Amino acid sequence: MELYQSYVSAITRAPLTMYEQRVILRLIEYGQQRIQGLPLSREHGILEHSFRLTEVTVSIRDLLSDGSNHYNQVREAIKSLEQRQFERLDANGNWTLSPWVLRATAIKGTGEVKLIIDKDFFDTLYNFSRGFVHYDLERAMSLQHPASVRFLSLINTQRKPMIYRIDSLKRLFGVADKYSRTNDFIRKIVEPARLELQKGTGNCFKYEVIKEGRKITALKVTTIHRATEIEKQGSIGTIREWLPRDFETILLHHANFTTRQIGYHKGMLDQLCKLPNGMQILLDVVQRAREKRLSNPKGYIINALRDEVRSVK
């Protein structure tokens with residue numbers, strides 16, 4: 001799934017851990033329902049929305065790496081987010097500090113956490129006064145270094161080299177009061193993100209240091225554009241190599257998925273096709289999505305299919 005968010009929200013300052021970053025990614029995923037189908041390239045203001053104090057249910061399992069059972073780390077990350085102050089400047093230059101997660105309740109026996117999210121999160125998410133960024137959710141959720149997610153969101157929409165001052169980058173990553181030596185900041189924050197994004201497929205970046213005299217004052221960051229594995233899988237020819245034609249027809253013509261969106265979920269859909277009743281499950285889920293008249297039917301369909309596949313394991 002491709003996530004879209006405002007540039008303002010992408011540069012909101014906070015020192016996030018890996019699991020905190022993953023919780024935020026799930027909240028951004030929830031917020032996609034407001035911008036479905038909007039031409040964001042022509043949105044240059046602040047979108048109105050109806051979210052105030054909003055309850056968002058997050059599956060703990062969806063925050064973990066494959067095979068991980070670090071539930072306590074997720075719990076600690078959510079506790080930390082309740083105390084975290086996110087810093088931002090709005091379009092008028094007003095400075096705001098606010099917590100985004102106001103309350104968390106773990107529902108015993110469900111593996112889910114209900115989060116009460118502050119209105120400021122959505123105000124920030126839908127503030128397109130400075131443009132937007134986009135990136136692949138699954139790739140972002142797989143990253144192990146929280147700085148990698150921030151860099152991914154910045155470089156994915158970047159068409160030409162950008163110069164970022166060191167002091168601005170340190171504030172972005174919530175370490176303005178750390179790393180008095182710039183080389184340490186580069187070694188512990190920037191370089192790990194560069195190396196992680198360089199692995200596998202998809203966009204990555206390179207950087208050059210900019211000096212004033214002998215002092216490093218800025219980085220020139222250049223995006224290296226590379227097709228993701230999902231984009232390679234998104235052609236109709238490639239999809240037909242692994243997805244039976246009847247499943248393809250239902251997803252494309254009855255559930256309105258694109259080939260690229262189908263490619264995002266290759267692993268799960270491949271498992272669904274191998275189930276004896278896989279087609280019936282797909283038909284039932286698509287029918288339920290139609291009857292519910294959902295604002296985000298594709299998200300509902302994918303989550304419901306994922307739950308069905310997991311229940312068989």
Side-chain angles (χ1 to χ4, degrees), residues 3 5 7-25 28 63-68 70 73-74 76-77 80-81 84 86-88 130-131 133-231:
L3 289 191
Q5 67 181 108
Y7 180 76
V8 171
S9 64
I11 62 171
T12 299
R13 304 163 186 171
L16 301 175
T17 66
M18 179 185 74
Y19 283 114
E20 287 177 87
Q21 183 70 75
R22 288 181 179 180
V23 174
I24 296 299
L25 285 170
I28 294 170
L63 301 174
L64 298 172
S65 303
D66 288 342
S68 170
H70 296 159
Q73 292 187 29
V74 173
E76 291 304 312
S80 178
L81 280 174
R84 184 79 71 197
F86 289 85
E87 179 182 347
R88 68 179 175 90
R130 296 178 63 182
V133 301
H134 64 87
Y135 49 92
D136 173 39
L137 170 62
E138 292 187 14
R139 186 184 186 201
M141 289 293 292
S142 71
L143 297 171
Q144 300 297 307
H145 197 290
S148 301
V149 180
R150 289 294 186 95
F151 270 112
L152 177 64
S153 67
L154 293 176
I155 67 172
N156 238 29
T157 332
Q158 193 170 291
R159 296 295 173 224
K160 60 183 180 179
M162 295 290 291
I163 294 176
Y164 297 97
R165 293 195 62 82
I166 295 295
D167 54 356
S168 296
L169 282 175
K170 289 176 70 175
R171 286 196 297 271
L172 171 62
F173 294 109
V175 293
D177 57 343
K178 297 182 179 179
Y179 306 119
S180 57
R181 296 178 66 250
T182 300
N183 281 331
D184 288 340
F185 169 69
I186 293 174
R187 179 169 56 87
K188 295 186 177 182
I189 301 293
V190 181
E191 186 62 9
R194 184 190 71 81
L195 290 173
E196 184 171 28
L197 290 175
Q198 186 174 280
K199 297 176 183 176
T201 58
N203 292 344
C204 56
F205 71 95
K206 62 180 181 179
Y207 62 89
E208 304 170 43
V209 299
I210 296 175
K211 294 184 177 180
E212 293 179 6
R214 299 178 61 183
K215 181 180 180 182
I216 299 174
T217 57
L219 296 181
K220 181 180 180 182
V221 177
T222 303
T223 301
I224 301 172
H225 294 278
R226 305 183 303 180
T228 65
E229 199 62 41
I230 289 170
E231 288 171 333

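These numbers were taken from a predicted model, which means no experiment stands behind them.
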Where G174 and P15 come nearest, the two heavy atoms and their spacing | O-CB, 3.5 Å
Is there a donor-acceptor pair under 3.5 Å between the side chain of Q158 and the backbone N or O of V221?
-> yes
What's the spacing between M162 CE and T222 OG1 if we round to 0.5 Å?
-> 10.5 Å
Nearest heavy-atom neighbours spanning V149 and A140 = CG2-O, 3.7 Å
Smallest separation among heavy atoms of R194 and E191, with atom names = NH2-OE2, 2.6 Å
Is there a donor-acceptor contact under 3.5 Å from the side chain of T223 to the main chain of I155?
-> yes
Rounded to the nearest 0.5 Å, the OG1 atom of T182 sits from the NZ atom of K211 at a distance of 10.5 Å
Aromatic centroids of Y135 and F151 separated by under 6.0 Å | no
Would you say K188's side chain and Y179's backbone share a donor-acceptor pair under 3.5 angstrom?
-> no
Could you please spell out the steps behind the side-chain contact (heavy atoms from CB on, under 4.5 Å) verdict for R150 and Q21?
-> CA-CA 9 Å; R150 289 294 186 95; Q21 183 70 75; 3.9 Å; yes
Which heavy-atom pair separates I189 from H145 by the least distance, and what is that distance?
-> O-CE1, 4.0 Å
Can you tell me how far CG of L81 sits from CD1 of I24, rounded to the nearest 0.5 angstrom?
-> 5.0 Å
So, does E196 use its side chain to make a donor-acceptor pair with the main chain of L143 at under 3.5 Å?
-> no
Is the closest side-chain heavy-atom distance between Q198 and K206 below 4.5 Å?
-> no
Calculate, to the nearest 0.5 Å, the distance between atoms CD1 and CG belonging to I216 and N183 respectively.
-> 4.5 Å
If you count the non-hydrogen atoms of other residues, nucleotides and ligands that lie under 6.0 Å from CZ in R130, is the total more than 12?
-> no
Shortest non-hydrogen contact between A193 and S148, atoms and distance | CA-OG, 3.3 Å
Take Y164 and L172 through the test side-chain contact (heavy atoms from CB on, under 4.5 Å) and record every step on the way to the result.
-> CA-CA 10 Å; Y164 297 97; L172 171 62; over 6 Å; no
d(S168 OG, R13 CZ) to nearest 0.5 Å is 7.0 Å
When you check the gap from the basic side-chain N to the acidic O, do D184 and R181 get nearer than 4.0 Å?
-> yes
Nearest non-hydrogen partners of N203 and R139, listed with the distance | O-NH1, 2.9 Å
Does the side chain of F205 reach to within under 4.5 Å of the side chain of L154, using non-hydrogen atoms?
-> no
With the side chain counted from C-beta on, respond yes when K178 and F185 share a heavy-atom pair under 4.5 Å apart, and no when they do not.
-> no
May I have the step-by-step check of side-chain contact (heavy atoms from CB on, under 4.5 Å) for L197 and I224, ending in yes or no?
-> CA-CA 10 Å; L197 290 175; I224 301 172; over 6 Å; no
Look up atom CD1 in I186 and atom CG in L219, then write down how far apart they are to the nearest 0.5 Å.
-> 5.0 Å
Answer whether the closest heavy-atom distance between the side chains of L137 and L25 falls below 4.5 Å.
-> yes
Given R84 and L16, is the side-chain contact (heavy atoms from CB on, under 4.5 Å) satisfied, shown in steps?
-> CA-CA 9 Å; R84 184 79 71 197; L16 301 175; 4.2 Å; yes
